[in-house]
Every structure is written in C-alpha cells, then in structure tokens.
Novice: 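Below: one structure in structure tokens.
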Amino acid sequence: MTDTPTPPASVATALARYTELPDPAPLLALNFGFARARALGTALDLGVFTALAGAPRTTARLAGDLGCDARILGELLQVLEDFGLVSGDGAAGWSPTGTARAYLVEGAPAYLGDHFDEVLAQWDRWSALTPLARSGDRGGDLGDPAGRGRHRGMFAGAFPLAVRIASGVVAALGPVDAGRVLDLTCGSGEWGIALAGADPRARVTAHDDPALLAVARERAAEFGVAGRFRFVAADFGRTPFAEGEFDTVVMAHAGRFAGRRTAARLIRECARVLRPGGTLLLADIMRTPPGQPPLGRPMLALSLLVNTENGGLPEADEYRALMAEAGITAKECVTRGLVTALTGERQ
Ligand SMILES: C[S@@+](CC[C@H](N)C(=O)[O-])C[C@H]1O[C@@H](n2cnc3c(N)ncnc32)[C@H](O)[C@@H]1O
C-alpha cells in the first residue's frame with residue numbers, strides 16, 4: 001500500500017480556501033433554474049406529454065410525429081426523465097409519469113399547460129429585472145383592467161390549483177349559509193363553485209370579463225352547479241348590481257394585482273352590494289400571515305413588481321383597515337398554502 005502523498009503546506013492552505021466553503025450546489029441550481037423552466041416550456045410547446053399519453057413511443061417515432069430533430073428531442077426526453085415527468089427509454093418507448101399525465105396532457109381536467117405558458121411569457125420582463133431594480137420604473141400589465149382577458153391562461157389556467165385551495169378554505173370556514181352570492185372578478189369561478197358546493201341553496205352571480213365568464217360557465221357545468229349560476233359581464237368600476245343585493249360577496253385574488261387604491265375601491269363596491277349582516281370573503285396572497293412560513297411569498301411579491309404597474313403583496317392588516325373604512329368588521333382569518341382568506345360582516 002502506498003501512502004497518499006501529503007500536498008505541500010502551501011497547496012493545502014490554498015486548497016482549503018476552496019474546500020472549506022459552504023456547499024455551492026444551491027447557487028448552481030438557482031443559476032440554472034431558467035434552463036429548467038425553458039425545457040419544460042419547450043416540451044409543452046412541442047406537445048411531448050400529450051403525444052406520449054396515447055401510447056409509449058420511441059424517441060425516433062416521437063421525433064417523426066412531432067416534426068423534431070431526434071438528437072435534441074432525445075436529450076430533452078432525458079431531461080424530462082430527470083425531472084420525473086417521463087419514464088422508459090428511447091429505444092423501447094417513453095411514457096408520461098403520473099404527474100405529467102395529471103397536469104401536462106392537453107384535455108386532462110387539471111391541465112396546467114396554459115397557465116405555465118403564460119408564466120413563461122414573463123421571460124422578457126424578468127430579463128429586465130436588473131434595469132428595473134436600478135430605475136424602479138414599473139410597467140407590467142398583469143393587474144391592468146385594460147389587459148383583462150389577455151391573461152386568460154394565467155387566471156383561468158390555474159383553476160386546477162385554485163379550486164383545491166378555494167374548497168379547502170370554504171371547508172375550513174365551517175358550515176356556510178351563503179345565500180345570494182356575488183363572486184366579483186370571478187376568473188374561472190372556483191370560489192363560487194366552492195360556495196355552491198358547500199351550500200346547496202346558494203345562488204351565485206359570477207362577474208368578470210366575457211372571456212373569463214365563458215371559462216367559469218364551463219367549470220360550473222363540470223361541477224354540476226351551473227343551474228344555480230348567472231353570469232354577468234361588467235367592468236368592476238360600473239357594475240349593474242343593486243345596493244344590498246347579496247348575502248355573501250367574494251373578492252378573491254384581485255387586490256394584489258390591482259394595487260391599494262383599486263383594492264380599496266373594490267372593497268367599497270363589495271360593501272355597497274352586501275346587505276347589512278352579509279359576509280365579505282376576501283381571499284388573497286398576503287405578505288405575512290401570522291405564524292405561517294414564507295413559502296414562495298417573497299418571489300411572488302417581486303413578481304408583482306415585475307409584472308404589474310401598481311400591484312404588491314398586501315398585509316392582512318391593510319385589508320382589515322380597508323374593510324373597516326368600508327363599513328365591514330373583520331371576523332375570521334384562514335390560511336391554506338399561500339392563500340389567506342379574511343371574512344367580514346357588513347354593518
Ligand atoms: C387575478 S384574477 C382573479 C380571479 C378569481 N377571482 C380567482 O380567485 O381566481 C383577476 C380577475 O379580475 C378580472 N378583472 C380585471 N380587471 C377587471 C375589470 N376592470 N372589470 C372586471 N373584471 C376585471 C380579470 O379578468 C381576472 O379574471
């Protein structure tokens with residue numbers, strides 16, 4: 001046996017400057033995160049998961065079917081295997097894993113590809129984060145009322161995620177007597193659907209832009225509650241609703257995109273159309289829900305600065321203050337994952 005030679009003292013000292021440092025692996029993963037997102041986006045663009053869902057295919061066959069270069073597609077499939085999204089191999093055939101079948105195959109009820117597309121479409125805006133950080137000049141249109149309907153993939157495409165949370169929050173709030181419900185800026189309608197599911201007598205008015213209402217209508221039908229829904233397209237600045245018309249009003253995920261001034265206006269509108277004693281359910285991602293871990297909140301806060309003109313993550317107490325100004329007394333507070341729901345009673 002030969003002894004491993006001891007490096008000269010000067011080499012050992014120099015080496016220690018590199019080996020006795022914290023593990024850099026998390027930094028490398030962060031730095032390469034953009035490539036992972038792009039690889040998933042390209043697999044969705046090409047329709048890889050949808051094509052493989054029918055029957056396993058070899059790399060060569062899939063390349064022919066999708067009109068792709070077999071070498072690059074082969075490497076992409078290896079990456080997707082590494083992500084846990086396909087299994088098999090290039091010669092015997094690839095198949096989507098359970099996660100990919102559930103969320104990445106077009107036509108699946110929980111398909112998230114439209115939402116992911118819209119998130120990836122923020123690429124250029126995020127690439128300009130450095131000049132934004134220097135100048136502070138914001139300009140994204142994600143919260144701009146004029147841009148509504150353009151972000152259908154972002155909002156309606158997230159239904160499979162949102163309906164789980166909305167149902168969980170409604171269940172956590174306990175038995176509901178929702179009555180006449182208004183879901184203001186309802187998106188794909190998950191909150192109205194959750195309330196209609198919890199209260200078989202609830203009748204829901206779903207309000208948004210026509211493009212989003214078409215999605216809400218389909219989703220309400222999917223859940224068998226469309227017969228208790230009506231759909232009202234209107235700008236939230238000029239709604240046709242009467243004073244005190246509703247027992248329950250939902251305002252979900254609107255304030256953080258729109259900014260404080262518009263959120264205050266929306267909460268005043270909720271108060272106006274609620275009957276005295278009626279309930280406001282205000283759900284949003286809030287900055288620091290008491291006793292909750294941050295999860296992805298800091299990144300979402302940054303995303304609102306990148307993608308909206310006025311948006312930002314609000315504090316629950318800011319919403320409580322806006323509710324109080326509008327004549328609504330805050331009551332319960334429930335957090336599920338990233339979403340916090342405040343309830344309040346109209347005075
Ligand atoms: C972030 S989404 C929230 C959707 C839904 N409430 C939810 O919880 O998923 C905001 C919604 O507000 C709608 N919206 C934005 N500006 C609007 C306006 N001026 N009038 C009516 N709806 C508007 C958009 O179409 C979009 O569906």
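Remember, it's 1-based here, ligands and their atoms both numbered in the order they're listed.
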Novice: Which heavy atom in P200 sits nearest to a heavy atom in A198, and how many Å separate them?
Specialist: CD-O, 3.8 Å

Novice: Kindly indicate whether a cation-pi arrangement holds for R217 with F231, taking the cut-offs as under 6.0 Å to the six-membered ring centre and within 45° of the axis.
Specialist: yes

Novice: Give the numbers and elements of all ligand 1 atoms closer than 4.0 Å to a heavy atom of G187.
Specialist: 4 (C), 5 (C), 27 (O)

Novice: Give me the residue, atom name and distance of the protein heavy atom closest to atom 21 (C) of ligand 1.
Specialist: A234 O, 3.4 Å

Novice: When you compare the side chains of T329 and Q347, does any donor N or O come within less than 3.5 Å of an acceptor on the partner?
Specialist: yes

Novice: Can you list the atoms of ligand 1 that are under 4.0 Å from a heavy atom of D235?
Specialist: 19 (N), 20 (N)

Novice: Within a distance under 4.0 Å of any heavy atom of A252, pick out the atoms of ligand 1 and give their elements.
Specialist: 3 (C), 5 (C), 6 (N), 7 (C), 8 (O)

Novice: For atom 12 (O) of ligand 1, what is the nearest protein heavy atom, given as residue, atom name and distance?
Specialist: T185 CB, 3.3 Å

Novice: Which part of S188 is near ligand 1, with near meaning a heavy atom under 4.0 Å away: side chain, backbone, both or neither?
Specialist: neither

Novice: Mind checking whether A162 has a heavy atom under 4.0 Å from ligand 1?
Specialist: no

Novice: Could you pull out, from H151, E190, H253, the option with a heavy atom nearest to atom 9 (O) of ligand 1?
Specialist: E190

Novice: Does H207 have a non-hydrogen atom less than 4.0 Å from ligand 1?
Specialist: yes

Novice: Could you go through the side chain to side chain donor-acceptor pair (under 3.5 Å) check for T42 and R38 one step at a time?
Specialist: CA-CA 6 Å; T42 292; R38 186 57 265 169; 3.2 Å; yes

Novice: Does a sphere of radius 6.0 Å around CZ in R164 hold more than 12 heavy atoms from other residues, nucleotides or ligands, not counting ones at 6.0 Å or beyond?
Specialist: no

Novice: Report, in ascending order of atom number, the atoms of ligand 1 lying under 4.0 Å from any heavy atom of W191.
Specialist: 8 (O)

Novice: What do we get for F236 next to ligand 1 when only non-hydrogen atoms under 4.0 Å count, side chain, backbone, both or neither?
Specialist: both

Novice: Considering only heavy atoms from C-beta outward, does the side chain of V163 approach that of W191 to under 4.5 Å?
Specialist: no

Novice: For D177 and R201, run salt bridge (Lys or Arg N to Asp or Glu O under 4.0 Å): C-alpha distance rounded to whole Å, both residues' side-chain angles, the deciding distance at 0.1 Å, then the answer.
Specialist: CA-CA 8 Å; D177 182 8; R201 287 168 311 166; 3.6 Å; yes

Novice: Could you tell me whether the side chain of H207 reaches within less than 4.5 Å of the side chain of L182, counting heavy atoms only?
Specialist: yes

Novice: To check your reading of the model: name the closest protein heavy atom to atom 17 (C) of ligand 1, its residue, and the distance in Å.
Specialist: R148 CD, 3.1 Å

Novice: Relative to atom 25 (O) of ligand 1, which among D209, L213, L266, D208 owns the nearest non-hydrogen atom?
Specialist: D208

Novice: Decide if the gap between the ring center of Y111 and the ring center of F159 is smaller than 6.0 angstrom.
Specialist: no

Novice: For F257, counting its heavy atoms only, list the atoms of ligand 1 lying under 4.0 Å from any of them.
Specialist: 1 (C)

